[in-house]
*Asks:* 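Pasting a structure here, questions to come.
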Protein chains: 2
Amino acid sequence: MKPRILVVDDEPEAVELVEFNLKQAGYAVNTAADGAEALRKARAQTPDLIVLDVMLPEMDGFEICKTLRLDAATARVPIIMLTAKAAEIDRVLGLELGADDYITKPFSPRELLLRVKKILARSGADEKVEEQLRFGDLLIDLPRHLASWKGRSIDLTATEFKLLTLLAQRAGRVQSRDQLLRDVWEYDSLIDTRTVDTHMRRLREKLGSASKHLDTVRGVGYRFVE
Amino acid sequence: MKPRILVVDDEPEAVELVEFNLKQAGYAVNTAADGAEALRKARAQTPDLIVLDVMLPEMDGFEICKTLRLDAATARVPIIMLTAKAAEIDRVLGLELGADDYITKPFSPRELLLRVKKILARSGADEKVEEQLRFGDLLIDLPRHLASWKGRSIDLTATEFKLLTLLAQRAGRVQSRDQLLRDVWEYDSLIDTRTVDTHMRRLREKLGSASKHLDTVRGVGYRFVE
DNA sequence: TGCGGCTGTCACCCAATCGTCACAGTGGCG
DNA sequence: CGCCACTGTGACGATTGGGTGACAGCCGCA
């Protein structure tokens, strides 16, 4: 299921730009041009995220935001506000309104996507992460926390599983030891260790012939090859 | 887009040194001599990174750091603190201030660059250079760390890959041996060696007919031609 | 409290890789 | 044509990076 996003702005061009980029990125997009329409659509089919312009005719973004928060159906939908004025930011993020993030106009599509992704990841709605990764005879089942090779399951520790998953999710791309330390170990490391190497060794041992997927790129890091 | 870095220090010489080195490395640099100026500039045009001296007149680095964190526009900008005292380090990195890294004075330009690079890589602001470079049948894939010619992959060492990538990214422009030493080898030394030549040779050997892209410009350096 | 599985670190080792040197080509210029 | 400054080449130790085995601390669990 694609996450649904409702985009609210009265300028057709702005709507179009945002809509195009979000659709491009694989989201389902609805639009509304004013407050009344926004509230109606939001209630009719609760979206996973609302992108809301502050400047709107009649009912402004702040009003809409407050109203959405009052309705049980939409109270917890994350909201990203679009604003032209830096001065509005405090109010936007303040408790009174409780938007989840804001973007100042003008913004780059890239910036928008980054924030959308972040917010959805936080709320857990961005459920398009693959639940299973399969590479030939190697199967990684994320929710079950199981890996198997030719149907025979491989007994991995938590760290090993995380390491394997991370490499597999970024298959093809080399990951430096630093990146791995940050992403698997959540170290903010400026330290030097052989930890990654050791775990790669253990992982390879356990994977047996499946370890052919794990490449060492000398002087750079490791890479999962398909 | 070059990443923007704001350098804050009250000693003009220190600023100049840092500024010079960062510009050399391809960053856009702004400077500020005191806290007020720093805050103003940081808010006016959010930088991708701030290099901040602890010892400043009136408002010290700690103050500035805290203030920056309070403003939504600058709250997430990574900060590298410059400090003379080892004793300050804990405070600098502690939760209260939340600097992202620190360097103790005196420091070498090389050290500074390493940290700057690392921090920017982490925050992802060290922008999206093209992920792939293609010149006819020659393909350079950065994230995969692979080069190929007519679909056949070429096995390059880390240094060779970096050298090729750098030349290719600056295709058409001659790079002097000094520049290459700085950018590929990260030397600051002006030591004269034949190292670059040797690596160019190895690179050419491995590239085979693709080495036609690598030009020698006698008396100057090397150039990648399309 | 004792046990066993995980983890992070270390020391050691080997092969890939690197930097340097001496020497051979080469091109530019008078 | 011949010199000279540069660059290409082949070879060779030195260095480094990563694989490997061992080990001690830690944590959960009985």
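Hydrogens, waters and symmetry mates play no part in the numbers below; they use all other heavy atoms, side chains included. Proteins come first, then strands; the chains are lettered A, B, ... in the order of their sequence lines, and each starts at number 1.
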*Asks:* Can you measure B:Arg223 atom CZ to D:dT7 atom P for me and round it to whole angstrom units?
*Replies:*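 It works out to 13 Å between those atoms.
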*Asks:* Phosphate oxygens OP1/OP2 of C:dA16: is one of them under 4.0 Å from a side-chain N or O of B:Thr157?
*Replies:*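 No.
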*Asks:* For B:Glu11, enumerate each residue passing the salt bridge (charged side-chain N to carboxylate O under 4.0 Å, His left out) test, keeping only those at least two apart in sequence or located in another chain.
*Replies:*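 With sequence neighbours excluded, B:Glu11 shows a salt bridge (charged side-chain N to carboxylate O under 4.0 Å, His left out) to B:Lys105, given in chain and number order.
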*Asks:* Rounded to whole Å, how long is the line connecting atom NE2 of A:His199 with atom C1' of C:dT9?
*Replies:* 10 Å
*Asks:* What pairs with A:Arg173 under salt bridge (charged side-chain N to carboxylate O under 4.0 Å, His left out), at least two apart in sequence or on another chain?
*Replies:* none
*Asks:* Mind checking what makes salt bridge (charged side-chain N to carboxylate O under 4.0 Å, His left out) contact with A:Arg202, not counting sequence neighbours?
*Replies:*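 Applying salt bridge (charged side-chain N to carboxylate O under 4.0 Å, His left out) to A:Arg202 gives none.
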*Asks:* Tell me the interatomic distance from B:Leu203, atom CG, to D:dT7, atom P, rounded to whole angstroms.
*Replies:*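 After rounding, the reported distance stands at 17 Å.
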*Asks:* Could you give the CG-to-C1' distance, from B:Asp155 to C:dT17, as a whole number of Å?
*Replies:* 12 Å
*Asks:* Between D:dT15 atom P and B:Trp185 atom CH2, what is the distance in whole Å?
*Replies:* 19 Å
*Asks:* Can you check each nucleotide of nucleotides 18-30 of chain D against protein heavy atoms at under 4.0 Å and return B for base, S for sugar-phosphate only, - for none, in 5' to 3' order?
*Replies:* BBBBB--------
*Asks:* Would you mind reading off the distance between A:Phe161 atom CZ and C:dT7 atom C1', rounded to a whole angstrom?
*Replies:*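 Those two atoms, CZ and C1', are 18 Å apart.
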*Asks:* For residues 142-152 of chain B, dump all side-chain donor-acceptor pairs below 3.5 Å to protein atoms at least two apart in sequence or in another chain.
*Replies:*
{"unit_1": "B:Arg144", "atom_1": "NE", "unit_2": "B:Asp141", "atom_2": "OD2", "d": "3.4"}
{"unit_1": "B:Trp149", "atom_1": "NE1", "unit_2": "B:Ser209", "atom_2": "OG", "d": "3.2"}
{"unit_1": "B:Lys150", "atom_1": "NZ", "unit_2": "B:Asp137", "atom_2": "OD2", "d": "3.1"}

*Asks:* Take atom CG of B:Asp215 and atom P of D:dG8, then tell me their distance rounded to the nearest Å.
*Replies:*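 Spelled out: CG on B:Asp215 to P on D:dG8 is 11 Å.
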*Asks:* Can we say B:Lys162 and B:Asp183 salt-bridge, meaning some charged N sits less than 4.0 Å from an Asp/Glu carboxylate O?
*Replies:* no
*Asks:* Applying salt bridge (charged side-chain N to carboxylate O under 4.0 Å, His left out), which residue pairs with at least one partner in residues 214-226 of chain A are found, sequence neighbours left out?
*Replies:*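 Qualifying pairs: A:Asp215-A:Arg223.
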